[in-house]
Protein chains: 2
Amino acid sequence: MTNISKEDYLRVIYKGIEETGVVNPTMVAVHLNISNAAVTDMIKKLKREKYVSYNPYKGIQLLQKGKMEAIRLVRRHRIWETFLYQIVGIPWYEIDEEAENLEHSSSDNLIDHLERILNYPEFDPHGHPIPKKDGKIPRQKKCFPLDQIKIGNSGIIQKVNDHSKEFLFYLFNSGLLIRKKIKVIDKRNFDGSIIISVDNKELVLSDKISKNIFVEKIK
Amino acid sequence: MTNISKEDYLRVIYKGIEETGVVNPTMVAVHLNISNAAVTDMIKKLKREKYVSYNPYKGIQLLQKGKMEAIRLVRRHRIWETFLYQIVGIPWYEIDEEAENLEHSSSDNLIDHLERILNYPEFDPHGHPIPKKDGKIPRQKKCFPLDQIKIGNSGIIQKVNDHSKEFLFYLFNSGLLIRKKIKVIDKRNFDGSIIISVDNKELVLSDKISKNIFVEKIK
DNA sequence: TAAATAATTTAAGTGAGCTTAAATTAATTA
DNA sequence: TAATTAATTTAAGCTCACTTAAATTATTTA
Ligand SMILES: [Mn+2]
Ligand SMILES: [Mn+2]
Ligand SMILES: [Mn+2]
Ligand SMILES: [Mn+2]
């Protein structure tokens, strides 16, 4: 088991739990774009080495050891994203891709340096919390996927849960950035799409999009 | 052939040629800390794919394609070193280790950004030239290994040719840094050691050390 | 120039991380 | 609850980058 591949599995499991509460082998396979058989194999090893617990059809859990490793990796990932965005000047929709590689190639010491330069940020440019060196996770504002906001209500975008370049590029060009205020104008029940206003412009968003934008409710 | 391992081979070959003029499989094996048999295998592949030419006992040469790749990697390595040193604040004797990993994990685009932030430096903190985006190598001052400088003569340290932490840490603590002026006070023929002065202090350096310090002669 | 030495290659084998195809098992639905 | 569907595992096999041990070949030295 190489470190890189172990770390990738743990990151996917961690983020899966963070986002949907449960993770099964199929989800891991989809995220890593490999076969289910490969995942079965690796889960066995991760289980044998006490990174995870696993019962078929019951989902994968992170054990203490696995959670620590995952959080360390997520910390590296999110600090890199923040650094690339704030200091290096890489666009919002490209930082994830770049951080995906750098996260496996930097010492904890380097990450601590970057964190200091950034003045100990609590959230990355996608609105996700950056674990502290001791593993603590900054408290997040309570927020909801945009598709659950009622017509007429407003909110502030606090987080996006999809890091794909295309998705973020679309948001970027539509002005749907973190901290932006939006209002739900209307909803179409037949296809789940939603009409919102942002910057005095109206936008139609598919449910695929609105499910991945998380807003804090405001009155 | 994975990218990382191919790149490591090409870097070692490139630096070997840069430093000693010729490279044979044994040297590559020593630098990468692997067996000769593994090198034989990989050289075959690199040859088949036109990265290098090779004749047993005659040394390995870089072909156009291999040289380009190697220069691209060396560029990434040296820009990272410079960035880690100047912007991040990692000590001189630790940057090589860190850059060794980062060099394989960053896009050309990211490297270009770092280069811009650094204001297009020509040399890295060890005094080595940083290849430009187009592959051009900045011209270096003519310099000589310290052990070849005659008694009574002075020079300015322009380059070090060993990146090991222990070596650089020793130089660092002795004040033997790039741009420092030194003077050769005496030489001991029986063991090749050399006595120099730097910052009004006298130091005894073994030939192992002085061979790896390159100075520009001054009168 | 023959013997010694050093460099290189060949041979056989390992472990990691994958693959596809087939078999099994659990969950869901009619 | 039986049948269908979906999730998971097993089996067999591949490639890559290594290893060690033995064999070969070139270079150096006596
Ligand atoms: Mn990300
Ligand atoms: Mn992020
Ligand atoms: Mn270096
Ligand atoms: Mn350097």
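Scope of the values below: all heavy atoms of this structure, side chains included, with no hydrogens, waters or symmetry mates. All figures in this text were calculated on a predicted structure; none of them were measured in a lab. Residue numbers start from 1 in every chain, and the chains themselves are labelled A, B, ... in the order their sequence lines are given, proteins ahead of strands.
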Value in whole Å for how far the C1' atom of C:dT19 lies from CE of A:Met42: 15 Å

Whole-Å gap separating P (D:dC18) and CE (B:Met1): 12 Å

Phosphate contact (D:dC16 OP1 or OP2) by B:Lys45 side-chain N/O below 4.0 Å: no

More than 12 heavy atoms from other groups under 6.0 Å of NZ on A:Lys67: no

Interatomic distance where NE2 belongs to B:His104 and P belongs to D:dA17 [whole Å]: 13 Å

Side-chain donor-acceptor pair present, A:His126, A:Asn161, cut-off under 3.5 Å: no

DNA chain D-proximal residues of residues 21-38 of chain A, any heavy atom under 4.0 Å: A:Asn24, A:Pro25, A:Thr26, A:Asn36, A:Ala37

Integer-rounded Å distance: C:dG17 C1' and A:Glu49 CD: 14 Å

Short side-chain donor-acceptor distance under 3.5 Å, A:Asp8 and A:His104: yes

Atom-pair distance (CG on A:Asp41; P on D:dG13), nearest Å: 16 Å

Quiz item: A:Tyr57 side-chain donor-acceptor pair to D:dA7 base, under 3.5 Å: yes

Neighbour count >12 (heavy atoms, 6.0 Å) for atom OH, A:Tyr93: yes

Residue whose nearest DNA chain D nucleotide is more 5′ - A:Asn55 or B:Pro56: A:Asn55

Between A:Ser193 and A:Asp191, a side-chain donor and acceptor under 3.5 Å: yes

Integer-rounded Å distance: D:dT8 C1' and A:Lys58 NZ: 14 Å

Under-4.0 Å side-chain N/O to phosphate OP1/OP2 contact, A:Thr40 with D:dT10: no

Within 6.0 Å of NZ in A:Lys208, more than 12 heavy atoms from elsewhere: no

Between D:dA26 (P) and B:Tyr54 (OH): distance, integer Å: 11 Å

Contact under 4.0 Å: A:Tyr9 side-chain N or O vs C:dC18 OP1/OP2: yes

Residues, nucleotides or ligands: over 12 heavy atoms within 6.0 Å of A:Lys132 NZ: yes

Nearest-Å distance for atom pair CD1/C1', residues B:Ile43 and C:dT10: 16 Å

C:dT10 OP1/OP2 closer than 4.0 Å to side-chain N/O of B:Lys44: yes

Short side-chain N/O contact from B:Ser5 to OP1 or OP2 of D:dA17, under 4.0 Å: yes

